[in-house]
Every structure is written in C-alpha cells, then in structure tokens.
There are 2 protein chains.
Amino acid sequence: MYLRYLEDLDTRGQRTASSDELAQLCGTTPAQVRKDLSFFGSFGKRGLGYPVHELTAHLREILGLEREWRVIIIGAGKIGAALANYRGFLQRGFRIAGVYDKSPEKIGHAWGEAIVRDIANLEQDLTEAETLIAVLAIPADDAQLIVDRIVGAGIRAILNFAPTKITVPAHVSLKSVNMAMELEGLSFALTHAMANSGAA
Amino acid sequence: MYLRYLEDLDTRGQRTASSDELAQLCGTTPAQVRKDLSFFGSFGKRGLGYPVHELTAHLREILGLEREWRVIIIGAGKIGAALANYRGFLQRGFRIAGVYDKSPEKIGHAWGEAIVRDIANLEQDLTEAETLIAVLAIPADDAQLIVDRIVGAGIRAILNFAPTKITVPAHVSLKSVNMAMELEGLSFALTHAMANSGAA
DNA sequence: AGGTGTGAATTATTTCACAGCG
DNA sequence: CGCTGTGAAATAATTCACACCT
C-alpha cells in the first residue's frame with residue numbers, strides 16, 4: 001500500500017514525504033507508518049521525512065518486484081479474461097505466461113497476447129520455464145484437483161478466485177479472494193449500520 | 001466463512017458440528033470458533049456441538065442475508081462482466097439490479113439478464129427502487145468521481161475493484177479488492193520463502 | 001523547529017483451561 | 001463423558017511520548 005502511494009508521489013516529483021503525509025494517504029496513523037517501515041530498515045531522515053524515490057526502490061526490493069514474475073492463469077472464463085486484461089499486472093512486473101483451460105471450445109483461441117492452451121500441457125510447459133505463480137479462476141468443484149496438479153508441477157504461490165477453501169503444502173503461498181464473502185460483509189455492515197471512516 | 005461451511009454440512013444432512021470440526025474446516029482453532037460464535041449468542045449444546053441447520057439460519061440473519069439486496073455494477077468492462085455472471089451473487093441473495101457504463105458503444109447492449117444503461121440515468125434509477133450496494137469495476141481515474149455521485153444518490157455500501165484509494169463519508173461502508181496488491185503479497189512471500197500452513 | 005526511531009504503555013486478539021450443562 | 005461458554009493468561013498490535021538527529 002505504501003508503495004502504491006509513494007509511486008504516485010514519485011511520479012509527481014515529490015522528493016520527501018513525512019509519516020504524517022503517508023498516513024493521510026493510506027488511511028492510517030503516523031505512528032503506524034513509522035513502525036511498519038522501521039521493521040524493514042531506517043529509511044527516514046529526521047526533520048525531513050522519507051525520501052520518496054529511494055523508499056520506493058527499497059519497497060520494491062523488499063516485495064521482490066525487481067524481477068519479472070511469470071504468472072499463469074487457469075480458467076479462460078470471464079474472471080480469467082478480466083485478469084488477463086488487467087493492466088495493473090504487467091505494470092508491476094507480472095507477465096501473463098499462459099492461459100489454460102480444459103474446455104475444447106476455448107483451447108487454441110487467441111486471448112489478448114496469449115493463446116488458450118490445453119490444461120493437459122501444464123506440467124510440460126511449467127518445466128520449460130520457471131513459473132511460480134498461478135491465478136485460479138475456475139469453478140469451485142475443480143479447484144482442489146487443479147491445485148494439487150499445479151503444486152505438483154512446481155507452482156509455489158496461488159491467487160485463488162474460486163469460492164472454496166483449498167489446501168496447499170506448507171511451502172506454497174496462498175491468497176484467496178472471495179467476492180461473495182466481501183458482499184456479505186457489506187450486507188452485515190448495512191444491517192448493523194456500523195460506522196466507517198472511509199479507509200481504502 | 002463459518003456460514004459457507006455450515007451450509008455445506010447442512011446440504012449433506014449433517015445435524016451437528018463441534019467447534020473442533022468447524023475449526024478444521026475453516027482453518028482456525030476450536031477456541032477461536034467458540035469465541036467468535038459466542039459473540040453473537042449461545043448457539044451450541046454442551047456435549048453435542050452446534051446444530052448445523054439452526055446455526056446456519058442464525059448466521060444468515062446476523063449477516064443480513066434474509067432479505068434480497070439489489071446491487072448495481074458500475075463499469076461494463078471485463079471485470080464487470082465477470083461479476084455480473086458470477087453465480088455466487090444470486091445464490092446468496094444479491095440481485096444484479098443494473099449495469100452502468102459511460103461509453104456509448106456499450107450502452108443498450110444486453111448483458112446477461114440486464115441491459116447496460118447510461119451512467120447518466122443512475123440518480124434517476126436509484127430513486128425508483130432502493131439500491132444500497134454498488135460494485136465498482138471502472139478505471140482508477142474515474143473512481144472517486146463516480147463514488148461521490150453514487151454516494152450522493154443514496155448508495156450506502158461499495159465494493160471497489162478499481163486499484164485506487166477512494167474516500168467515502170462515515171455512513172458508507174467500503175471494501176476494496178486490489179488484485180495487483182494480492183499478487184505483490186505473493187511476490188513478497190516467494191522472495192522471503194515464508195512458511196504457510198495452507199489456510200483458505 | 002520539524003520529524004524519525006523506538007522503548008514503554010495501552011489496547012486488542014488469541015489461547016488456555018475449566019466449570020458446568022446435556 | 002463430550003463439548004460449550006467464558007473468565008483469566010498470554011500474545012500481538014497499536015498508540016504514546018520523547019530522546020535524538022538534521
């Protein structure tokens with residue numbers, strides 16, 4: 001999050017930013033900003049704030065964004081399409097290395113830059129070029145099966161959009177996004193008329 | 001999350017579930033399950049566990065899912081399409097009440113059940129039928145502007161997919177999903193080879 | 001003055017452990 | 001017995017507040 005706003009500031013040519021300013025942008029507190037950043041090092045200058053450009057580079061380094069990551073998308077449905085076209089990915093060093101599906105109607109069709117490949121080729125393709133990240137955009141039923149396969153084929157991180165729990169070995173990182181659950185959270189908030197201070 | 005798994009158990013005809021079992025399913029601890037549920041009431045039976053069907057109903061009630069929510073989708077791009085087609089929404093009581101866009105090529109075209117409407121009609125439409133939830137699937141640049149408009153028109157909860165911070169008044173609930181940020185989290189985990197225990 | 005880095009104090013969350021009910 | 005509900009204990013996260021640098 002800090003990186004996002006620091007990049008904005010950097011683009012606008014701002015040289016330094018105080019913890020106060022970053023807190024405002026990110027919707028948190030100055031103390032929080034200082035604690036968070038100090039966990040990784042001592043980047044600020046007393047009396048001045050944090051050097052925007054330098055800190056941006058530091059955070060990129062910390063997040064492992066200096067290299068390019070090959071990402072495969074599994075599932076050439078609507079969600080897969082949305083993800084493949086999402087500019088944010090390329091801009092931040094994530095290259096769509098392939099899109100896979102199992103349905104014959106989709107295999108072979110061009111898809112943005114890529115061509116939809118048969119999911120049967122997966123293991124083969126993954127051994128040819130190191131690909132560690134997979135985005136899962138398939139129905140819930142197939143999810144765990146596919147996960148086991150891609151983990152077996154060497155995938156080390158998964159971003160899951162299938163609305164189901166999936167299990168991975170300890171050496172694999174997993175993040176899940178469940179859109180229905182997000183809406184239910186909003187339903188709860190509306191039902192209980194809770195306060196919200198407008199954070200992002 | 002509990003609701004999701006309880007519904008599964010209910011469908012399979014299971015009558016009761018212990019905090020141990022729920023913890024296993026949800027990837028948490030039995031103590032956590034009991035604390036969480038006890039916050040809302042005393043649903044379990046000692047020696048037996050929680051009555052699945054009954055608890056499911058309680059949670060639906062708590063989450064405000066007994067009623068139907070009208071949801072509008074703003075932005076008829078790829079992400080909007082993915083969301084409009086997402087079954088999970090309807091299954092859980094969220095009815096797509098309209099899809100809006102500003103681009104003339106898209107307006108008027110059928111779109112699943114709905115027809116893409118001109119975003120200029122927004123205020124009008126919203127006053128005709130109570131609609132409190134909006135899903136934002138538009139580019140970052142337009143986001144805050146649109147948010148101000150829909151909030152002005154009476155929207156009280158927003159699920160934001162635009163990769164930018166948006167600000168809302170205190171009475172409006174906001175959840176943001178930032179896919180690039182999720183991937184960056186995975187990049188960090190890979191770079192630092194952290195452990196992960198396979199939670200959902 | 002202006003603003004970081006960081007121990008100490010506070011507040012929140014999670015886990016423990018056990019009394020008590022079915 | 002088995003398993004919940006819940007105070008008490010242990011951890012974790014956030015905020016305070018101030019020494020210290022520029």
Side-chain angles (χ1 to χ4, degrees), chain A residues 1-3 5-6 9-10 12 14-59 61-62 165 170 175 181 185 188-189 192 194-200, chain B residues 1-3 5-6 9-10 14-59 61-62 165 170 181 185 188-189 192 194-200:
Chain A
M1 188 174 56
Y2 297 133
L3 176 57
Y5 293 107
L6 283 164
L9 294 176
D10 195 24
R12 287 199 219 104
Q14 189 169 325
R15 302 308 262 288
T16 63
S18 67
S19 56
D20 246 307
E21 185 172 2
L22 289 172
Q24 199 108 54
L25 286 171
C26 301
T28 178
T29 66
Q32 188 71 65
V33 172
R34 296 205 296 278
K35 261 267 153 58
D36 287 348
L37 294 178
S38 75
F39 180 81
F40 292 107
S42 192
F43 306 117
K45 297 208 195 322
R46 296 172 189 221
L48 270 174
Y50 297 89
V52 171
H53 191 75
E54 220 180 295
L55 181 53
T56 303
H58 273 302
L59 291 184
E61 173 91 34
I62 289 163
K165 195 188 92 168
K175 292 213 172 204
M181 229 187 255
F188 177 74
H192 294 77
M194 308 172 86
N196 168 291
S197 50
Chain B
M1 187 173 59
Y2 297 133
L3 177 57
Y5 293 106
L6 283 164
L9 294 176
D10 195 24
Q14 189 168 326
R15 303 306 262 288
T16 62
S18 67
S19 57
D20 245 307
E21 186 172 1
L22 289 173
Q24 199 108 54
L25 286 170
C26 301
T28 178
T29 65
Q32 188 71 66
V33 172
R34 296 204 297 279
K35 262 270 152 60
D36 287 346
L37 294 177
S38 76
F39 180 81
F40 292 106
S42 190
F43 305 119
K45 295 206 196 325
R46 298 174 188 221
L48 270 174
Y50 297 90
V52 172
H53 190 74
E54 223 179 293
L55 181 52
T56 302
H58 273 301
L59 291 183
E61 173 91 35
I62 289 164
K165 195 187 92 166
M181 229 188 256
F188 177 74
H192 294 76
M194 307 171 88
N196 166 293
S197 51

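In what follows, every chain begins at residue 1, and chains take the letters A, B, ... in the order their sequences are listed.
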Is any side-chain nitrogen or oxygen of [X] closer than 4.0 Å to OP1 or OP2 of [N]?
X: A/Gln32; N: D/dT15; answer: yes
X: B/Ser19; N: D/dC3; answer: no
X: B/Tyr50; N: D/dG2; answer: no

In whole Å, I'd like the distance from the [atom1] atom of [X] to the [atom2] atom of [N].
X: A/Phe39; N: C/dG7; atom1: CZ; atom2: C1'; answer: 17 Å
X: A/Glu21; N: C/dT4; atom1: CD; atom2: C1'; answer: 15 Å
X: A/Arg34; N: D/dC16; atom1: CZ; atom2: C1'; answer: 10 Å
X: B/Asp36; N: C/dT15; atom1: CG; atom2: P; answer: 10 Å
X: A/Phe43; N: D/dT22; atom1: CZ; atom2: P; answer: 17 Å
X: B/Leu37; N: D/dT4; atom1: CG; atom2: P; answer: 10 Å
X: B/Lys45; N: C/dG20; atom1: NZ; atom2: C1'; answer: 16 Å
X: A/Arg46; N: C/dG3; atom1: CZ; atom2: P; answer: 14 Å

Minimum heavy-atom distance [X]-[Y], with the two atoms named:
X: A/Val33; Y: A/Tyr2; answer: CA-OH, 3.5 Å
X: A/Gly44; Y: A/Pro51; answer: CA-CD, 4.4 Å
X: A/Glu21; Y: A/Leu9; answer: OE2-CD2, 4.2 Å

Heavy-atom donor-acceptor pair, A/Lys35 side-chain to D/dT15 base, under 3.5 Å: yes

Greater than 12 external heavy atoms within 6.0 Å of A/His53's NE2: no

Sugar-phosphate, base or nothing in reach of A/Gly47, heavy atoms under 4.0 Å: base

Residue that, paired with A/His58, satisfies ring-ring contact (aromatic ring centres under 6.0 Å, His included) out of A/Phe39, A/Phe43, A/Phe40: A/Phe43

5' priority, DNA chain D, between A/Leu48 and A/Thr29 [closest heavy atom]: A/Thr29

